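Encoded as structure tokens, the structure appears first; notes follow it.
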Amino acid sequence: MQELDYLKMGKRIRQLRKVKGWSQEKLAAKCGISQNFMGKIERGDRKMSMDTFARLCMELETDADALLWGVVQEKDSAAENMWKRLAGQNSDSYSMYIRIMKSVAEIMNEA
């Protein structure tokens, strides 16, 4: 398994933050952490909780692979790959998948 490089991850976070035109203070507030801690994350000095990582992904509108490994996958291709995997499945599997996705969408809209 590839080892995480926290310095590179911090640089990717900083780069995405700057693209949005946000200060460390603004991103930290959105993620519910201190500006000091955000600075340490961006410098690769501190590790973060999964909750903070998930909030960073959400606020920066990126996926985990992009922050962790620098691998950017187009959203359309990710969805397309998912549908291709389902193409060979029977209609019951497809129906179940659609029900699950609708449930997830409803849950996210309630939050």
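Remember, predicted model here, so these are calculated numbers, not experimental data. Below, each value reflects all heavy atoms present in this structure, side chains not excepted, and no hydrogens, waters or symmetry copies.
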Distance-only donor-acceptor pairs under 3.5 Å for side chains of residues 13-21, two or more places apart:
{"from": "R14", "atom 1": "NE", "to": "E42", "atom 2": "OE1", "distance (Å)": "3.3"}
{"from": "R14", "atom 1": "NH2", "to": "E42", "atom 2": "O", "distance (Å)": "3.3"}
{"from": "R17", "atom 1": "NE", "to": "E42", "atom 2": "OE2", "distance (Å)": "2.6"}
{"from": "R17", "atom 1": "NH1", "to": "W22", "atom 2": "O", "distance (Å)": "2.9"}
{"from": "R17", "atom 1": "NH2", "to": "E42", "atom 2": "OE1", "distance (Å)": "3.0"}
{"from": "K20", "atom 1": "NZ", "to": "E61", "atom 2": "OE1", "distance (Å)": "3.1"}

Ignoring hydrogens and angles, write down the donor-acceptor pairs under 3.5 Å from the side chains of residues 26-38, residues two or more places apart or on other chains.
{"from": "S34", "atom 1": "OG", "to": "F37", "atom 2": "N", "distance (Å)": "3.0"}

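Under a hydrophobic-cluster definition in which Ile, Leu, Val, Met, Phe, Trp and Tyr are linked whenever side-chain heavy atoms come within less than 4.5 Å, directly or via other members, L60 and M58 are assigned to different clusters. Note on L7 and V71: separate hydrophobic clusters, where clusters join Ile, Leu, Val, Met, Phe, Trp and Tyr whose side-chain heavy atoms are under 4.5 Å apart, directly or indirectly.
For I41 against M48, the heavy-atom pair with the smallest separation is CG2-CE, 3.5 Å. The shortest heavy-atom contact between C57 and L67 is SG-CD1, 3.7 Å.
Distance alone, capped at 3.5 Å, is enough to place a donor-acceptor pair between the R12 side chain and the L68 backbone.
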